Amino acid sequence: MSEYRSLSTKQVAWLLYSMGRTFDGLQSTFMATEKFLRTGNPQVVNSKADYNLLLDLRQAAEHTLHYDYAHEPIDMAYVQSINAQLTRTAAMEPGKLRDERTPVMVNTSLGRYEPPVPDSATLASLIRSTVERAIGENILEDAVRLFVDLAKMQPFGDGNKRTALLAGNGLLFAHGDRHPLTVPISDKDRTWFDRELAAYYLNNDQTIIRHLARWNRQQALLAEQRDNEDDMPSSAPEQTHGMQMDSPTL
């Protein structure tokens, strides 16, 4: 597909690329990811594993982007419906909440994290409270909070961070935000991202919420600058547009 509601194909490609690279070891380049998104050609990606991952990510992103936010709620069923799109690279029963037969252990930079078996009432309450308070200039922080809360709960057998990030994006889409919530891919930025996400898992340290929100605001500004430069006359000096940036000052 060439258009995804209010996002460009390039924006969706960056969302898929950042998720795949940071969460699941995607080896294909951003350019290959964008080309795959435009053409569906499996020959442009590095491997069958990348192809299956990108198929899942594309399917889940399309589901999230085309959800009827004006008439349908962002609730537990919505989050389950995102995970249910990950039919090739996630759990045996995508979309189904895990139970005591499916324990999860997450190795983090700060130690091992073992989330409890998800309670459906607690999960529903967490989603509802975040969605209800999401308003105004703090919407990006609320989207990040939904992402990290769902990631911390690990409600599914697999694909939890992908599902959580897309759910956070859904909150932005519901409020008309045109900049997707993404995660860092550079080694430098992934160091603080991994450490702060681990601190949230293990110690409920809130740092990652404001840090990741600020990083995304800066990413959005850089993207707007690149778009403005692309609109300059062809006689203007050629610019090299990078996709990376230093981590923001807290």
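The first residue of the sequence shown is numbered 1, and numbering continues consecutively from there. Predicted model, so just to flag it, every value in this text is computed and none were measured.
At least one side-chain heavy atom of R88 sits under 4.5 Å from a side-chain heavy atom of L55. Residues L86 and D158 form no side-chain contact, since every pair of their non-hydrogen atoms from C-beta on lies 4.5 Å or further apart. Residues T33 and L54 form a side-chain contact, since some pair of their non-hydrogen atoms from C-beta on lies under 4.5 Å apart. Under the 4.5 Å side-chain criterion, counting only non-hydrogen atoms from C-beta, V12 is not in contact with E62. Side-chain atoms of F36 and R58, non-hydrogen and from C-beta on, do get closer than 4.5 Å to each other. With contacts defined as side-chain heavy-atom distances shorter than 4.5 Å, the pair Y201/Q154 qualifies. Between L172 and I139 the shortest side-chain heavy-atom distance falls below 4.5 Å. You'll find the side chain of Y78 stays beyond 4.5 Å of the side chain of E72, heavy atoms only.
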Practice item. Begin with the C-alpha distance, continue with both residues' side-chain angles, and end with the deciding distance and a verdict on side-chain contact (heavy atoms from CB on, under 4.5 Å) for R145 and Q206. Key: CA-CA 9 Å; R145 184 179 297 278; Q206 307 284 305; 3.0 Å; yes

Point to revise | side-chain contact (heavy atoms from CB on, under 4.5 Å) assessment of H179 paired with N216 | key: CA-CA 9 Å; H179 297 287; N216 271 273; over 6 Å; no

Exercise for review: Show the numbers, then the answer: is there a side-chain contact (heavy atoms from CB on, under 4.5 Å) between V131 and R128?
Suggested key: CA-CA 5 Å; V131 171; R128 182 173 59 251; 5.9 Å; no

**Study point:** Audit row: E196, R210, salt bridge (Lys or Arg N to Asp or Glu O under 4.0 Å) steps and yes/no
**Key:** CA-CA 11 Å; E196 291 174 10; R210 64 178 184 274; over 6 Å; no

Practice item. I would like to know whether D50 and S28 meet side-chain hydrogen bond (donor to acceptor under 3.5 Å, both in side chains); could you show each step before the answer? Key: CA-CA 7 Å; D50 277 9; S28 298; 2.7 Å; yes

**Study point:** Verdict with supporting geometry, T108 and R195, side-chain contact (heavy atoms from CB on, under 4.5 Å)
**Key:** CA-CA 8 Å; T108 79; R195 183 183 64 249; over 6 Å; no

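Atom-to-atom distance recorded for K152:NZ and K161:NZ is 15.0 Å, nearest 0.5 angstrom. With values rounded to the nearest 0.5 angstrom, T87 atom OG1 is found 8.0 Å from Q85 atom CD. Of the inter-residue distances, the one linking I82 atom CD1 with T64 atom OG1 reads 4.0 Å to the nearest 0.5 angstrom. Note: R98 CZ to N83 CG = 12.0 Å, rounded to the nearest 0.5 Å. Distance check, rounded to the nearest 0.5 Å: CG of L181 to CG of L15 gives 8.0 Å. In this structure, OG on S18 lies 7.5 Å from CD1 on I185, to the nearest 0.5 angstrom.
Residues A32 and V44 share a closest heavy-atom pair of CB-O, 3.3 Å. What you find for D189 and P184 is that their closest heavy atoms are CB-CB, 3.3 Å. Nearest heavy-atom pair across L140 and A213 is CD2-O, 3.2 Å. The shortest non-hydrogen separation linking P180 to Q11 is CD-NE2, 3.8 Å. Contact between A151 and A164 at its shortest, heavy atoms only, is N-CB, 3.7 Å. When all heavy atoms of A143 and G168 are compared, the pair lying nearest together is CB-O, 3.4 Å.
In terms of hydrophobic clustering, with Ile, Leu, Val, Met, Phe, Trp and Tyr side chains grouped at heavy-atom distances under 4.5 Å, L202 and V106 are assigned to a common cluster. Note: the hydrophobic cluster containing Y51 also contains L53 (ILVMFWY, side chain heavy atoms under 4.5 Å, direct or indirect links).
Under the ring pair (Phe, Tyr, Trp, His ring centres under 6.0 Å) criterion, F23 pairs with no residue, sequence neighbours left out. Applying the ring pair (Phe, Tyr, Trp, His ring centres under 6.0 Å) test to F193 and every residue at least two apart in sequence or in another chain returns nothing.
Comment: R178 does not engage E224 in a salt bridge, judged by the lack of any side-chain N to carboxylate O separation of less than 4.0 angstrom. In this structure, R133 pairs ionically with D142, as a charged nitrogen and a carboxylate oxygen lie closer than 4.0 Å. Between K10 and E34 a salt bridge is recorded (basic side-chain N to carboxylate O distance below 4.0 Å).
Screening L150, D149, D75, V79 for a side-chain contact (heavy atoms from CB on, under 4.5 Å) with L123, the sole residue that qualifies is L150. Across D24, N52, D56, a single residue satisfies side-chain hydrogen bond (donor to acceptor under 3.5 Å, both in side chains) together with T89, and that is D56. Of the candidates I209, N169, L171, L165, L165 is the only one forming a side-chain contact (heavy atoms from CB on, under 4.5 Å) with F147.
Between the side chain of T122 and the backbone N or O of P118, no donor-acceptor pair lies under 3.5 Å. Between the side chain of E114 and the main chain of M105, no donor-acceptor pair closer than 3.5 Å is present. Using modelled atom types, one side-chain atom of T39 and one backbone atom of K35 make a donor-acceptor pair closer than 3.5 Å.
In the model, Y113 has no side-chain atom that pairs as donor or acceptor with a side-chain atom of Y200 under 3.5 Å. Using a 3.5 Å distance cut-off with no hydrogens or angles, the side chains of Q27 and R21 do not pair a donor with an acceptor.
Annotation: cation-pi geometry not satisfied between K96 and F156 (NZ/CZ under 6.0 angstrom from ring centroid, within 45° of ring axis).
Ring geometry, W215 versus W192: the interplanar angle exceeds 60°, so the pair is classed perpendicular (tilted spans 30 to 60°).
Shown here is N203, whose CG atom has more than 12 heavy atoms of other residues, nucleotides or ligands within 6.0 Å.
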